[in-house]
2 protein chains.
Amino acid sequence: MTETATTGRALPHPEREQIRLESVLHALSDPMRLRIVRELAAKEAELSCSQFDLPVTKSTTTHHFRVLRESGVIRQVYRGTAKMNGLRRDDLEGLFPGLLDSLLAAADRQAGRLGDSS
Amino acid sequence: MTETATTGRALPHPEREQIRLESVLHALSDPMRLRIVRELAAKEAELSCSQFDLPVTKSTTTHHFRVLRESGVIRQVYRGTAKMNGLRRDDLEGLFPGLLDSLLAAADRQAGRLGDSS
DNA sequence: ATCGTAGTTTGACATCTCTCGTAGTACGAG
DNA sequence: CTCGTACTACGAGAGATGTCAAACTACGAT
């Protein structure tokens, strides 16, 4: 087939109402995860885990993506052998209007201030 | 005297430029600390540590206030035997415009949604 | 000088977190 | 069916975190 279908069993995600602010903040308080989220927001598209070039091993990468998923920040779905990741913009906006944008803006600002790469 | 002067040696605070978003988010990702910050924001004034009625011991309280101070979220100053705490609104606003308000609004919203006390 | 209040310090403990390496599973391509 | 790729699972280790209790310090009031 030319169309890549969604395969594999579904991954556990918290419902919108179950997302807790503390968990979201905790998820974003790790530099690696904040970086992932910023990249995801910048590309404005679903990305597979392997498209991120993180300075950690694959198992650590898996760990970080799971934390992001379980906290409700991203949604993950298998597509073939790849696992696609997307920001849960709508859910977060519904729960905490303006928060995600403020956070991303803050991260951008800090990256600029510190001459951070990306 | 009737005026209560600032006493004791100064406590170490990060400069505005040294405040890191990750540290702020980490500081706020703890329920007890988020609660402290919300109370501080609500009262819109400096409060002594003892005015908070937290369900933890005094040493734990000390610990949480220190995390908040060292991350740059609050400013602490001794006044007599009391230690006054104030949100670093200006510094945070200068670094990350709109972020603190978004966070506080998000916390309020969640508290309302969950029928949280306070 | 004494006392009480406010907060700190230290040490301990259970738990969590980030990281890794190795071995394993799931899927598409051939 | 076999192979390679993408990701997971399972330990394991070093370090951070939240919590407490007990002993301590600093200050104001009397």
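Chain identifiers are assigned alphabetically (A, B, ...) following the order of the sequence lines, protein sequences preceding nucleic acid strands; residue numbering begins at 1 within each chain.
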At under 4.0 Å between heavy atoms, which parts of nucleotides 1-7 of chain C does protein reach? Answer with one letter per nucleotide, 5' to 3': B base, S sugar-phosphate only, - none.
----BBB
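Atom CZ of A:R66 and atom P of D:dC10 are 10 Å apart (whole Å). Straight-line distance from the CZ atom of A:R69 to the P atom of D:dC7: 13 Å, rounded to whole Å. If you take CZ of B:F65 and C1' of D:dT19, they are 16 Å apart, rounded to a whole angstrom. In this structure, A:H63 atom NE2 and C:dT19 atom C1' are separated by 8 Å, rounded to whole Å. Put simply, CD1 on A:I36 is 11 Å from P on C:dC18, counting in whole angstrom units. Look at NE2 on B:H26: it is 9 Å from P on C:dT17, rounded to the nearest Å. The interatomic distance linking A:Q76 (CD) with D:dA6 (C1') rounds to 13 Å, in whole Å. In this structure, A:E22 atom CD and D:dG18 atom P are separated by 13 Å, rounded to whole Å.
Applying the ring-ring contact (aromatic ring centres under 6.0 Å, His included) rule to A:F65 yields the partners A:F52; only residues at least two apart in sequence or on another chain are considered. Remark: A:R16 engages A:D91 in a side chain to side chain donor-acceptor pair (under 3.5 Å) (not counting sequence neighbours). Partners of A:E22 according to the salt bridge (charged side-chain N to carboxylate O under 4.0 Å, His left out) rule, which considers only residues two or more places apart in sequence or in another chain, are A:R20. Applying the side chain to side chain donor-acceptor pair (under 3.5 Å) criterion to A:T62, with sequence neighbours excluded, gives no partner residue.
In terms of phosphate contacts, A:T60 brings no side-chain nitrogen or oxygen within less than 4.0 Å of OP1 or OP2 of C:dC18. The shortest distance between the side-chain N/O atoms of A:T57 and the OP1/OP2 oxygens of C:dT19 is not below 4.0 Å. Look at B:R33 and you'll find a side-chain N or O under 4.0 angstrom from OP1 or OP2 of D:dG18.
Among the atoms of the strands shown, only primed sugar atoms or phosphate atoms (P, OP1, OP2) are found under 4.0 Å from some heavy atom of B:H64.
The main-chain N or O of B:L95 is never found under 3.5 Å from a side-chain atom of A:R113 such that the two would form a donor-acceptor pair. Proximity of a side-chain donor or acceptor of B:E93 to a complementary backbone N or O of B:G98 within less than 3.5 Å is detected. A donor-acceptor distance shorter than 3.5 angstrom exists from the side chain of B:N85 to the backbone of B:L47, with no hydrogens or angles considered.
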For nucleotides 22-25 of chain D, tabulate all protein N/O to nucleotide N/O atom pairs closer than 3.5 Å, reporting atom names and distance.
none

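Rounded to the nearest 0.5 Å, atoms OG1 (B:T57) and NE2 (B:H63) are 10.5 Å apart.
Ion pair A:D53/A:R35 not flagged as a salt bridge, since none of the NZ, NE, NH1 or NH2 atoms sits closer than 4.0 Å to an Asp/Glu carboxylate oxygen.
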